[in-house]
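Structure, as structure tokens:
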There are 2 protein chains.
Amino acid sequence: MFHQHQKIKLALVDDHKLFRKGLKSLIDMLGPQYEVIFEANNGKDLQSLLTPDNSPDIILLDINMPEMDGFSTVKWLSTHFPLIKTLVVSMVEKEETVVSMLKLGVKGYLCKDVEPKELSEALNSVYNKGFYYTDFITGKLLHAIQQDNNGDGYGNGNQSYQLNERERDFLKLACSELTYNEIALQMSLSPKTIDGYRNALFEKLNIKSRVGLALYAVKNGLVHL
Amino acid sequence: MFHQHQKIKLALVDDHKLFRKGLKSLIDMLGPQYEVIFEANNGKDLQSLLTPDNSPDIILLDINMPEMDGFSTVKWLSTHFPLIKTLVVSMVEKEETVVSMLKLGVKGYLCKDVEPKELSEALNSVYNKGFYYTDFITGKLLHAIQQDNNGDGYGNGNQSYQLNERERDFLKLACSELTYNEIALQMSLSPKTIDGYRNALFEKLNIKSRVGLALYAVKNGLVHL
DNA sequence: TAAAAAATAAGGGTTTTTCCTTATTTAAAA
DNA sequence: TTTTAAATAAGGAAAAACCCTTATTTTTTA
């Protein structure tokens, strides 16, 4: 085993300081090969801290965060810092979320209830191999692919439940006590268009009611509680 | 400063292993005066691990957990192990939740985004003084009291928004895609009674729509995502 | 056990949500 | 510049949600 010339630089992005500090503590215990160079509360915070001079090898990233969530952060990173590898650490286990994140190019996905041992495996794997694929991830992907093949009109290769910007905007507002008419006003759209968005989401997400929409939004970190 | 004869025994109850391990790591760093004697995934898990021979001084308890949540756990502890002190560590910051927990007799309430320093202060305070009251807690209590005094018919001393068993049952079902009629069937009640429950909750919780109900339930850990 | 309080239920009406189908406008691709 | 595709919008109707008032039953309390 030869000498490691440089420490592996990490950054932590999570809106719960206690979790972040705990995570940092666990990482410190893994040994001196890892160094947490900074922590951020959310994507916005990360944007201000991240510079070419101060950039980590791997970012451990939460999804559900205020101001700027994991999705937006990964997208931003992929254009501005494409060399940084992202490892998601989230409590969200939903297939849609995992698959969406992988499509965006994250290098691994950990649930917050894994063993600390898996954290170190993930970090090593992402740094050395460039990715960390577990049975968890494979299972989600497989299931997603299988669903794509059932000929429901959404499948054949492209994203079956990937929501576009407008739908996400709508979904966030649907997750409030606004009436659909009020949402239409907010979005400067006809109530009938809103009607269409709702129906599209119902079909895409296999949901039957507005409560379902709200719950989906929460589960997938589109809104914060 | 004199010798501490006995370590302060702690137990951690949280459904996210990585958070638990991080928390344990932070506690271990506080010094040898604290010892985490066991960890549990949720209330049910705690029930099976907790015996008179194996009981901690302080339990650090999450709220939103599957199987058995923080509310039920605290209630159970207060009858079966009244001497154990409970310190809530949750991401929930809603006044209702904080106040309800305090009414149930927890000795302190920490949000998951506090500094680790506050964790150690809280543990010391709970162990030495029996409680840990912060401005955060006082603020919530004060606000709750002030609301009680506005003569809205719910106040005068008793719980203004404490939900009873039946209302909680209903709320959980309302947080689904079931129709109110279907909920009535499930609960073996008339749809008109359900109507009454909904209206009562709307008023108590200052909510205007079913989406609001669902969101409230999620925020307060009545349902798990 | 009588009175008070809480839980359960009904009547009846308004608004919002939900579900179809089809049409127009705008943007992208060939 | 056609052809296609995507976003936006309309009409019309049925179901569900929402709201207010009052009545009955059950449970608690005095």
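The chains referred to below are lettered A, B, ... by the order of the sequence lines, with proteins before strands, and numbering in each begins at 1.
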- Message: Give me each pair satisfying salt bridge (Lys or Arg N to Asp or Glu O under 4.0 Å) with a member in residues 172-187 of chain B, each pair once, sequence neighbours excluded.
- Response: none
- Query: For B:S72, does its backbone N or O pair with a side-chain atom of B:D69 as donor and acceptor, under 3.5 Å?
  - Reply: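 A pair under 3.5 Å: yes.
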- Item | Set of residues satisfying side chain to side chain donor-acceptor pair (under 3.5 Å) with respect to A:D57, sequence neighbours excluded |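 Result, side chain to side chain donor-acceptor pair (under 3.5 Å) vs A:D57: none returned.
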- Item | Qualifying residues under side chain to side chain donor-acceptor pair (under 3.5 Å), relative to A:D14, sequence neighbours excluded |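 Only A:K112 meet the side chain to side chain donor-acceptor pair (under 3.5 Å) criterion with A:D14.
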Who are the side chain to side chain contact (heavy atoms under 4.5 Å, CB included) partners of [X], not counting sequence neighbours?
X      : value
B:F131 : B:K129, B:Y133
B:K17  : A:D113, A:E115, B:R20, B:K21
B:A122 : B:L87, B:L110, B:Y132
B:T51  : B:D53, B:N54

- Item | Partners meeting salt bridge (charged side-chain N to carboxylate O under 4.0 Å, His left out) with B:D195 (sequence neighbours left out) |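 B:D195 satisfies salt bridge (charged side-chain N to carboxylate O under 4.0 Å, His left out) with B:R198 once adjacent residues are dropped.
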- Task: List in chain and number order the residues that pass salt bridge (charged side-chain N to carboxylate O under 4.0 Å, His left out) with B:R210, two or more places apart in sequence or in another chain; answer none if no residue qualifies.
- Result: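 Scan of B:R210 (salt bridge (charged side-chain N to carboxylate O under 4.0 Å, His left out), adjacent residues dropped) gives none.
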Scan nucleotides 19-22 of chain C against the protein and return all N/O pairs shorter than 3.5 Å with their distances rounded to 0.1 Å.
unit_1, atom_1, unit_2, atom_2, d
C:dC19, N4, A:D195, OD2, 2.7

Using whole Å, report how far [atom1] of [X] lies from [atom2] of [N].
X      : N      : atom1 : atom2 : answer
B:R210 : D:dC19 : CZ    : P     : 14 Å
B:L189 : C:dA6  : CG    : C1'   : 14 Å
A:R166 : C:dA27 : CZ    : C1'   : 15 Å
B:L213 : C:dT17 : CG    : C1'   : 16 Å
B:N181 : D:dA16 : CG    : P     : 7 Å

- Does atom CG of A:N199 have more than 12 heavy-atom neighbours, drawn from other residues, nucleotides or ligands, at distances under 6.0 Å?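 Atom CG in A:N199 is packed in, count exceeds 12.
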- What parts of residues 169-180 of chain B reach DNA chain C, counting only heavy atoms under 4.0 Å away?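 None - not one residue of the stretch has a heavy atom sitting under 4.0 Å from the strand.
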- When the C1' atoms of the five terminal pairs at each end define the local axes, what inter-axis angle does the helix from C:dT14-D:dA17 to C:dA30-D:dT1 show, to 10 degrees?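 Angle reported: 30°, given to the nearest ten degrees.
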- Item | Whole-Å C1' distance, C:dG12 and D:dC18 | 13 Å
